Amino acid sequence: MSEGAVKKEVKPRKFQAIRGTRDLLPPETALWNRVEQNAHEVFGTFGFGEIRLPIFEPTQLFARAVGGETDIVSKEMYTMPDPETDHIYGLQRSLAEWDLEVGNFENADSFQGLAVSLLVFIVRAQEEKVVGFDFEEVGFEAVSEMTLAVAELRGLISKHSQSGDASTWNLVAEQVQRIKLANDRLTVGEDISLRPEATASVCRAYIENGMQQLPQPVKLYYMGPMFRRERPQKGRYRQFYQIGAEVLGGSDAPAIDAEVIEMVMTFFDRLELQGVQLGINSIGDRNCRPKYVELLRAELLKVKDKLGADSQRRIETNPLRVLDSKLESEQGIIDTLPHIADHLCEECAAHYAAVKHQLEMRGVIYRENWRLVRGLDYYMRTTFEITAQGLGSQNAVCGGGRYDGLVELLGGPPTKGIGFAIGEDRLILSLQESGKAPAQQGRNVYIAWMGERAHATAIRAAKDLRKAGFSVELPPVEQKFGKALGQADKLGAKYALILGDNEVSEGLWTLKTLADGSQVKFAEPDLLEHLRKQRALSS
Ligand code: AMP
């Protein structure tokens with residue numbers, strides 16, 4: 001092969017970001033920072049502290065908290081075996097896929113060897129208390145069953161190797177089968193998943209860090225990326241960002257619900273988010289919701305034929321979800337269904353009325369939306385959703401609600417809880433669409449220097465200007481003044497500071513305002529003063 005041909009072949013692959021993920025670039029990232037800075041400030045004024053959470057957690061945490069049946073957990077999570085337990089998965093897979101060769105005792109012996117490795121690994125992991133290797137979770141019965149079968153298999157194989165008698169082959173095959181069945185029943189190790197949301201992690205952290213010992217309620221907020229394998233479209237990504245908050249512990253006083261909502265609305269107000277609409281609802285509690293769900297199911301069954309396939313299925317699995325339907329043909333039917341507000345128990349009705357009153361006291365404008373529901377049992381009473389303009393069909397920028405049973409479901413004490421999650425990508429999109437994004441910020445000062453002496457002065461000037469908070473571009477190599485000014489223009493610099501031999505020897509620096517081309521000479525200290533004054537005037 002000629003050298004040229006080799007070169008062609010090794011042309012490196014061009015990589016692209018994975019579907020549904022994207023790079024956030026300047027100047028857009030300045031807007032992201034502004035949004036996040038405002039969240040820190042506003043949430044801080046409401047007494048919330050920031051919690052930073054792991055990006056991955058045991059899959060089971062999400063299965064338990066978000067619900068194994070939900071789309072998020074059943075279809076959309078990025079899940080992988082924990083590398084620590086990957087070895088054991090390998091062994092299990094080999095056992096499951098083992099093809100026993102009829103009459104081949106050596107082959108059965110290798111199988112037996114693998115089963116022994118698996119058992120040794122499990123027992124050692126149990127002794128070392130490796131997460132996910134609690135015998136109870138692994139399946140104690142299955143471990144004993146496999147141990148017994150391995151012992152029998154080993155006996156049969158050693159008998160054959162001593163006597164050469166092959167008549168026991170059927171018994172060997174039987175033990176192999178027994179081991180395979182036990183293998184199927186073992187649940188060892190743990191899968192880990194990239195977090196699809198953060199409420200589960202916050203609750204886990206609350207329990208794990210003994211936060212119930214702190215003054216209650218504990219008020220936490222978080223921000224960061226979440227991962228869901230959804231179909232990407234505008235406002236919907238596979239890696240997206242949420243800013244959320246949770247109030248855990250203490251009471252479920254309606255003022256807490258109202259204050260949490262007031263906090264999000266204050267945040268949106270501060271960002272001047274346009275077309276903000278808050279919808280609220282109460283979905284009752286364990287007392288009254290089941291009765292409403294039954295009523296809903298009965299009503300839905302009456303109109304089943306007129307519903308689409310998804311909704312028909314949900315009549316059985318989760319009738320509340322029918323209310324989420326966006327299908328045009330179902331809207332008329334849904335309008336005739338009973339409203340949960342008319343079926344709340346006395347306590348829930350009082351709580352809901354008080355939340356609304358509290359919102360009014362805080363000047364928070366809301367709309368009741370009886371179709372706002374959540375499908376999981378531990379969600380209760382207050383639910384809310386906030387939409388904003390410029391987002392098309394994915395116009396929800398925030399979803400939230402009360403989840404008093406969740407901490408308990410994750411092994412903690414009975415704990416009240418309420419929270420929300422803001423979709424930061426959508427929030428940013430909406431701000432951009434309504435022209436609330438900040439204009440691109442150019443450099444303040446471009447230093448056009450020529451000559452070695454001027455370079456030294458330029459370095460010192462850049463240091464001083466940066467210390468005073470100005471954004472400075474200091475070209476790394478000498479440029480002709482004409483070229484330097486062109487470059488300053490392209491970078492959107494406001495000023496060019498011209499430093500040549502004359503300026504350095506006179507101690508008078510030339511400042512050119514690029515917008516109008518005017519030039520003024522300043523002594524070094526006066527220049528800084530002048531720029532400071534100009535900055536104060538323009539802010
Ligand atoms: P959820 O955690 O599903 O209640 O979602 C809360 C908020 O996160 C939604 O209102 C959206 O603004 C945002 N969100 C959820 N999924 C996505 C996604 N795939 N891409 C972008 N934003 C999302």
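Computed from a prediction, not measured in an experiment: that's the story for all the values here.
For S430 (side chain) and L427 (main-chain N/O), no donor-acceptor pair under 3.5 Å exists by modelled atom type. Judged by distance alone, the side chain of N395 and the main-chain N or O of L391 form no donor-acceptor pair under 3.5 Å. A distance-only check finds no donor-acceptor pair linking the side chain of D425 to the backbone of I428 [under 3.5 Å]. In this structure, the side chain of D191 does not engage the main chain of T59 through any donor-acceptor pair within 3.5 Å. Remark: side-chain polar atoms of K494 are not paired, donor with acceptor, to backbone N or O of L514 under 3.5 angstrom. No donor-acceptor distance shorter than 3.5 angstrom exists from the side chain of R195 to the backbone of M226, with no hydrogens or angles considered. Formation of a donor-acceptor pair under 3.5 Å by the H351 side chain with backbone atoms of A253 is not found in this model. Not one N or O on the side chain of Q394 forms a donor-acceptor pair closer than 3.5 Å with the backbone of G392. Judged by distance alone, the side chain of R297 and the main-chain N or O of E316 form a donor-acceptor pair under 3.5 Å. Counting only distance, with no hydrogens or angles, the side chain of N444 and the backbone of F470 share no donor-acceptor pair below 3.5 Å.
Atom NZ of K463 sits in a sparse spot, with 12 or fewer heavy atoms from other residues, nucleotides or ligands closer than 6.0 Å. More than 12 heavy atoms of other residues, nucleotides or ligands shown are found within 6.0 angstrom of CZ on R466. Heavy-atom neighbours of F56 CZ from other residues, nucleotides or ligands within 6.0 Å: at or below the threshold of 12. At most 12 non-hydrogen atoms from other residues, nucleotides or ligands lie less than 6.0 angstrom from CD1 of I365. Atom CD of Q331 has more than 12 heavy atoms from other residues, nucleotides or ligands within 6.0 Å.
S311 has its side chain out of reach of L327: every pair of non-hydrogen atoms, C-beta onward, lies at least 4.5 Å apart. Between L323 and I334 there is a side-chain heavy-atom pair separated by less than 4.5 Å. At least one side-chain heavy atom of R289 sits less than 4.5 Å from a side-chain heavy atom of L320. Residues R229 and M77 have side chains not in contact (no heavy-atom distance under 4.5 Å, counting atoms from C-beta outward). Between R64 and C203, the closest side-chain pair of non-hydrogen atoms is not below 4.5 Å. Between V247 and V218 the shortest side-chain heavy-atom distance does not fall below 4.5 Å. Using a 4.5 Å heavy-atom threshold, the side chains of L344 and Y352 count as touching. I280 has its side chain out of reach of N369: every pair of non-hydrogen atoms, C-beta onward, lies at least 4.5 Å apart.
Separating the CG atom in L465 from the OG atom in S471 is a distance of 10.0 Å, to the nearest 0.5 Å. Between the CD1 atom of I122 and the OG atom of S117 there is a distance of 11.0 Å, given to the nearest 0.5 Å. Between atom CG of residue L372 and atom CG of residue D324 there is a gap of 8.5 Å, rounded to the nearest 0.5 Å. How far CD1 of I261 is from CD1 of I256: 12.0 Å, rounded to the nearest 0.5 Å. For the atom pair OG1 (T387) and CZ (R367), the distance works out to 8.0 Å, reported to the nearest 0.5 Å. Distance check, rounded to the nearest 0.5 Å: NZ of K219 to CG of L214 gives 13.5 Å.
E197 and R228 are not joined by a salt bridge, as no carboxylate oxygen comes within less than 4.0 angstrom of a charged side-chain nitrogen. Salt bridge status for R270 with E41: present, with a side-chain N to carboxylate O gap under 4.0 Å. Taking the charged nitrogens against the carboxylate oxygens, R362 and E360 have no contact shorter than 4.0 Å, which rules out a salt bridge.
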Does the side chain to side chain contact (heavy atoms under 4.5 Å, CB included) test come out yes or no for K304 and K306, once each step is laid out?
CA-CA 5 Å; K304 185 172 177 179; K306 296 186 192 135; over 6 Å; no
Apply side chain to side chain contact (heavy atoms under 4.5 Å, CB included) to residues R238 and R19 and explain how you reach the verdict.
CA-CA 8 Å; R238 290 180 167 182; R19 195 166 122 84; 4.2 Å; yes
Test side chain to side chain donor-acceptor pair (under 3.5 Å) on Y241 and Q239; report intermediate values, then the result.
CA-CA 7 Å; Y241 295 79; Q239 174 173 339; 2.8 Å; yes
Starting from the C-alpha separation in whole Å, work towards a yes-or-no answer on side chain to side chain contact (heavy atoms under 4.5 Å, CB included) for F43 and M263.
CA-CA 7 Å; F43 296 176; M263 182 168 89; 3.6 Å; yes
Show your working on side chain to side chain donor-acceptor pair (under 3.5 Å) between Q216 and Q212 and close with a plain yes or no.
CA-CA 7 Å; Q216 304 291 303; Q212 58 271 35; over 6 Å; no
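Between T382 and D257, the side chains place a donor N or O and an acceptor N or O closer than 3.5 Å (distance only, hydrogens not considered). With hydrogens and angles left out, the side-chain atoms of Q233 and R236 include a donor and acceptor closer than 3.5 Å. For the residue pair S325/E330, the side-chain donor-acceptor check at 3.5 Å is satisfied. For the residue pair Y366/Q277, the side-chain donor-acceptor check at 3.5 Å is not satisfied. W32 and E28 share a side-chain donor-acceptor pair at under 3.5 Å. The closest side-chain donor-acceptor pair between S193 and E57, if any, does not fall under 3.5 angstrom.
Taking each heavy atom of D335 and R371 in turn, the nearest pair found is OD1-NH1, 4.4 Å. The minimum heavy-atom distance between F384 and G401, with the atom names listed, is CE2-N, 3.7 Å. When all heavy atoms are compared, the tightest approach of G284 to I340 is N-CD1, 4.2 Å.
In this view, R314 and D310, T317, R321, V322 satisfy the side-chain contact (heavy atoms from CB on, under 4.5 Å) rule, not counting sequence neighbours.
Stacking of R402 on the aromatic ring of Y379 is not recorded, the 6.0 Å distance cut-off and the 45° axial limit not both being met.
Ring centers of Y495 and Y446: at least 6.0 Å apart, outside the cut-off. Taking the centre of each ring, Y221 and F48 stay at or above the 6.0 Å mark.
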Taking distance alone, no hydrogens or angles, what donor-acceptor pairs closer than 3.5 Å link side-chain atoms of residues 414-423 to residues at least two apart or in another chain?
from	atom 1	to	atom 2	distance (Å)
T415	OG1	P413	O	2.6

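Note on ring orientation: taking the six-membered ring where Trp is involved, the planes of F227 and Y78 are perpendicular (angle over 60°, cut-offs 30° and 60°).
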